[in-house]
Each structure stands twice: as structure tokens, then as C-alpha cells.
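The next block holds one structure in the form of C-alpha cells; read it before the comments.
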Amino acid sequence: MTKNQSVLSWLEEQKNLVQPDRVVWIDGSQEQLEALRAEACETGEMIKLNQEKLPGCYLHRTAVNDVARVEHRTFICSEKEEDAGPTNNWMEPAKAYKMLYDIARGSYRGRTMYVIPYSMGPVGSPFAKYGIEVTDSIYVVLNMAIMTRIGKDVLEALGDSADWVRGLHCKCDIDEEKRYICHFPQDNTIISVNSGYGGNVLLGKKCFALRIASHLGRKEGWMAEHMLILGIENPQGEVKYIAAAFPSACGKTNLAMLIPPEVYRKKGYKAWCVGDDIAWMRIGEDGRLWAVNPENGFFGVAPGTNMKSNPNALISTMKDSIFTNVVHNLDDNTVWWEGLDDNPPKNALNWKGEKWDYTDGSKGAHPNSRFTSPAKNCPCISPEFDSGKGVPIDAIVFGGRRAKTAPLVYQSLDWNHGVFVGSIMASETTAAATGAVGVVRRDPMAMLPFCGYHMADYWAHWLEMGEKLGDKAPKIFNVNWFRLDDNGKFIWPGFGENLRVLEWIINRCEGKADAVEAPIGYLPKPDDINLEGFDFSVDALESILEVDRDLWLQEIKDIEEFYKKFGNKVPAELKKQLEILKAKLS
Ligand code: OXD
Ligand code: MN
């Protein structure tokens, strides 16, 4: 399919290493994918679901020891350990290659080697980056066909360039003790062995689009971020775009597919999803920050997704999707998961494929069970989704789950202060019903598991981007939907009502909304947040906009400890921001 010498010689090396029985190039055609689906159903790798209720949908079960990303077995194999930084595992490249090659050697014997040319970002777009993933798993091929743009077009766009990301995936024996996800930023190479779980084996996603891409972004002057991209259209038809980073379990996919409250819908507001997980951002010709979602689908957590929490996500799963580790309803050959509805199937298999009796209290779906769905299925997918030029970002939003400390929303004083706000991002383990505050876990810019280089260098890169953007830089905000009352109950209802906060954010960007300056940044006054058609008291709003000085002084101590981890690499600007905040609070 290609004459590209760098591709052909790399593939020859991989072939000699893994020794497949045959090699199949994935051309992206429907005929080829359909044949692979049929083959996967024949071998039991996938189960064809009820094609009337769920057309084009399939079920897959991973090995029971292989159900999530494995951060402790994920390595950044940069030449120098210092370049991986204290938040990544590091292995010396030569040692890692040897170990991985020893594991991979001969592992495709009796198997097929699938060669998947894929693009992160619309093919031909100035944002796009290309990769080739070699895998021995049809499940990986079919998921990559949903999550990325694949096939012949990609090779054509690549031409004879050697600038592409090499990815080798070997299922091997799904042995946890020999499971490794290794990144070689200096070689644009990813090697993943002994796993079949999405986050470890769909190499375009976390491995390429975040870990390798963050490294490339630093080198080439752009940004790869763990962010959703959301467009808010006002009744005049103007769309403002927000990029937002949250640690896991903070409702990122829900915010990305937000449905405006009825009063807003009636006025003509609309929300458009550009992406739910990853944003690649570059400075455009106009000097502003432009973003694309490099992915082509959603790899969402199934449990908790329902017609109330996220109808757009649920509708996205109803055709051409692959479900992984959910419940199989044998009565009508469909799927189910906890939180889908109140009717667990009576005749069903759990995620392990065992007969499941929901009355015994066991979970049917794995808590990290997933759906892989084409982005174009999403009813609110942005008309700009496929636009290679991206969308201009007005606001960057950071957030976390904090029971008391962080207010509902605040705006940073400027870009550098915003970078500080991102660097101290944190989330608490879910607080107990008594209102006890959970354990704080710092997750700067939600990139802790995904930054492909030293986190302090990453902060320095953010500061540099701000310098380049100057007064065209997006404004930076922090939100917290998760304040608890004294009974441990959420005060803010979240979901669609979050648009009220986004409205203030957008108005701030346009200089149309008021705020007061507090030590931590600009805060709305309660009447700056629109409560129209919303049964929510001003007192309650006041309570979640409150900033408790003592809690913040405690927070400062925690941040100081956290920064110590990065030694003298922490940019002086961020240390200065910390000192200023401390002085303002004391
Ligand atoms: C994801 C994650 O799967 O962040 O998107 O873990
Ligand atoms: Mn994610």
C-alpha cells in the first residue's frame, strides 16, 4: 500500500521480530472491516449483538486480569532519567528495547500481523500526525477504526515522510507480570505488550495523542492536553469554545456533551461537542490558540451512562459501537451496565461471561467497562468536528473534585497565574456521607499519567506558550462542581446547569460580566451567575462561592510539599505565584 521506505523497513524489522504467519494491511474499507468482524465473531473474540436494536454493535470481554490502564507498568524511556521526571516511571531505552524485544520475539507465530495506518486529527489537516500500529488483535483493529482515521488515505497523506509514530502491540499471553507500555519519545516509538485493554493497546490515544504528542508539542511549539473541547452557541449563532481538563471521575464526557437547561434551550442556546478527552492546540495565523480533537470516536466509561446523565453519549453507543466488559443480556442479545436503568436483565452474563444473578449484589459490568463509539453518532457533535483548521479557544477551564476548598468557579488573574492554577489542580477521593474531606491527589492539568516528559518542564512550556500568545491568550478558569454541604450532599446539581457557570466564563472573556478580586483570583458575585428558571437559592450559591482562608493556608502547605518533588526544576514564575498567594492569604 505504500512505497515509503521508512515504513517498509520498520515493518520488515517488526515482522522479523514477531514472526507472523501472515501480514494484513488495513486499508480502511468497510468490506475489510466487515470481514474482520465476522472473523472475530467466529473465534469468539467478539459477540454480534441484536442488529435490530443495536445495529453494527459488538461485545468483547477482556481477560479478567486486564481491565484498565496500568500506570505502574507504563514507562517513559527517554535517554536521560531526568527528562521523564519524578511523576513518570523511567527505563533506560537500550534496556527497555531488549526486554520488550525478548517478550515480543516470535509472539505472532500462528497469528496475523495487522498493519494499521492511522491519523490523529483530520487527514491532511495542519494539526494531523500520522502513526502506524502493528497488532495481532482484531479487537484493536476494529477499535482503532472507530477511534482514529485509518487506511489508505493516511499513507497517501504521509507520502515518503519518515515523520510518523511507530507502534508495536503484542498480546502475547496477557501476562500481568510481563505487561509493559513503553514510550520512546526520541524515536517516536511505542511498544505495548501483554495487554488487550483499550487504554493500553489503542496506541493512538493516551500513548501517542498525549504522551508522545506532549513531547512533540514541547519540541515544536504546540500543546497536547487531556482536555474536552466544547462549543457554546448563543441565540445570535455565535459559538465560543472552551477547552477543559479534569482528572478522571469528574464528569468530563458529561460536560463535553452537555444539554443546556430548558430556559437556555428556549432562548436558542446550543452546546456542541468537539471532543471529550484530548485537545491538540496550536497558535493560529491570527495569533489565537486553535484546537482540534485528534480522535475520531469516544472510549467512554459505560457504568453511570444513562438517558438522564448523558443522553448524547448513550445515543452515540446505539450503533456501530463496541462494548467491552459490560453485561450481556441473553434474552434480547443486548447489553446492560450499572446505572443504565433500573431493570437489570434476569437472564444475563456478567462482564466475565459467567451466569449473573443481579439479586446476589454482585456487579454485572466491570466498573471500568467501556463503549467505543464513532464521534459522528453523537447528536451534539460539532459541525467543526472534522474541520482541519480547528476551533479558536476562548477559555481554558481546570477543575477537580473538592468538598470544601475550591469555589464553584474562579478566574485566574492572567495566563501565568492560570498556569499556576493548573499546576496545583487536585481532586479528592469521594468524600464520605458525613462530609469528611477525602484524600487530596494532585493531578496537574489532569496530565499526571499522560505527560511524556518532566512535569516541571511541561509547566515551563505552558508559560512559554503564554508569552507567545500575549494578549490573545485564552482566559484561564477553575471550576468545582462538587462542593458538599455539612451532610455530605452535593450543593450544586451539575450536569446541564453547569452552563450557567460557563456563561459567566464566556462573558468574562468578552468583558461582559462582573467579578470581585479575591486572593485566589476573580470570583463572580452571586448575582453574576444567572439563576433564571432554576430552583437554586442565592444563599446556596453564596456558600459555594466562599473561599475559606484557613483551608487555603493548609492548601499552600500541601502545594509546597508537592512542588518539592520537582526540586529546582519548578519554574521561578510558579514559585513566585505561590509566594504571592501565600502573602495575600496571610
Ligand atoms: C480515559 C482516562 O480513559 O483518562 O480517558 O483514563
Ligand atoms: Mn482521559
Side-chain angles (χ1 to χ4, degrees), residues 60 62 66-74 87-88 120 139-140 143-144 146-148 179 181 183 190 192 195-214 223-230 243-257 273-281 291-305 310 313 316-317 321-326 337 365-375 378 396-401 422 425-427 429 441-452 458:
H60 170 80
T62 65
D66 187 29
V67 292
R69 285 188 293 103
V70 281
E71 285 171 24
H72 63 295
R73 307 199 70 94
T74 299
T87 55
N88 282 312
M120 299 314 292
Y139 171 75
V140 168
N143 273 275
M144 285 294 282
I146 297 173
M147 294 305 296
T148 72
R179 185 169 301 153
I181 321 296
H183 307 71
I190 306 157
S192 163
S195 176
Y197 167 78
N200 300 327
V201 299
L202 307 180
L203 301 184
K205 194 176 178 64
K206 303 299 188 183
C207 299
F208 178 171
L210 288 175
R211 297 194 191 98
I212 295 286
S214 59
M223 305 166 92
E225 299 299 331
H226 191 201
M227 289 179 175
L228 65 92
I229 309 167
L230 169 66
F246 298 86
S248 55
C250 290
K252 207 152 131 230
T253 303
N254 293 348
L255 185 64
M257 299 179 188
C273 172
V274 182
D276 78 327
D277 198 38
I278 299 175
W280 282 4
M281 305 195 283
V292 299
N293 169 11
E295 301 192 278
N296 202 24
F298 308 119
F299 183 61
V301 176
T305 305
N310 194 338
S316 304
T317 70
S321 295
I322 299 172
F323 298 94
T324 302
N325 292 343
V326 298
W337 49 78
H366 188 276
N368 191 35
S369 55
R370 299 276 176 153
F371 56 82
T372 319
S373 300
C378 181
I396 288 175
V397 176
F398 296 123
R401 186 183 279 273
M425 247 175 80
S427 221
T429 52
R441 244 195 51 177
R442 302 255 158 230
D443 186 353
M445 284 83 167
M447 283 288 277
L448 195 67
F450 306 121
C451 183
Y458 165 80

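Counting starts at 1 for both ligands and their atoms, in listed order. Worth saying up front: this structure is predicted, and the values here are computed from it rather than measured.
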Between NE2 of H226 and OD1 of D277, what angle is found at the Mn ion (ligand 2), rounded to 10 degrees?
-> 90°
Could you tell me the residue and atom name of the protein heavy atom closest to atom 6 (O) of ligand 1, and the distance to it rounded to 0.1 Å?
-> R69 NH2, 2.9 Å
Can you tell me the protein heavy atom closest to atom 5 (O) of ligand 1 and the distance?
-> K206 NZ, 3.0 Å
For F299, is the nearest heavy atom under 4.0 Å from an atom of ligand 1?
-> no
Which heavy atom of D276 sits nearest a heavy atom of K252, and at what distance?
-> O-CE, 3.6 Å
Atom CG of N310 and atom OG1 of T305: how far apart are they, to the nearest 0.5 Å?
-> 6.5 Å
So among T372, T62, T324, which one has a side-chain hydrogen bond (donor to acceptor under 3.5 Å, both in side chains) with Y139?
-> T324
Closest non-hydrogen contact found for M120 with G204 is CE-O, 3.3 Å
So does K206 have any N/O/S atom less than 2.8 Å away from the Mn ion (ligand 2)?
-> yes
Please state whether the rings of F208 and W280 are parallel, tilted or perpendicular, taking 30° and 60° as the class boundaries.
-> tilted
Taking the side chain as every heavy atom from C-beta outward, state whether M227 and I396 have any atom pair closer than 4.5 Å.
-> yes
For ligand 1, is there an atom lying under 4.0 Å from some heavy atom of R370?
-> yes
For D277, the ligand 1 atoms with a heavy-atom partner under 4.0 Å come out as 5 (O)
So the atoms of ligand 1 within less than 4.0 Å of a heavy atom of H226 turn out to be 4 (O)
When N143, N200, I278, T148 are each screened for side-chain contact (heavy atoms from CB on, under 4.5 Å) with K205, the one that passes is I278
Mind checking whether F246 contacts ligand 1 via backbone (N, CA, C, O), side chain (CB onward), both or neither, at a 4.0 Å heavy-atom cut-off?
-> neither
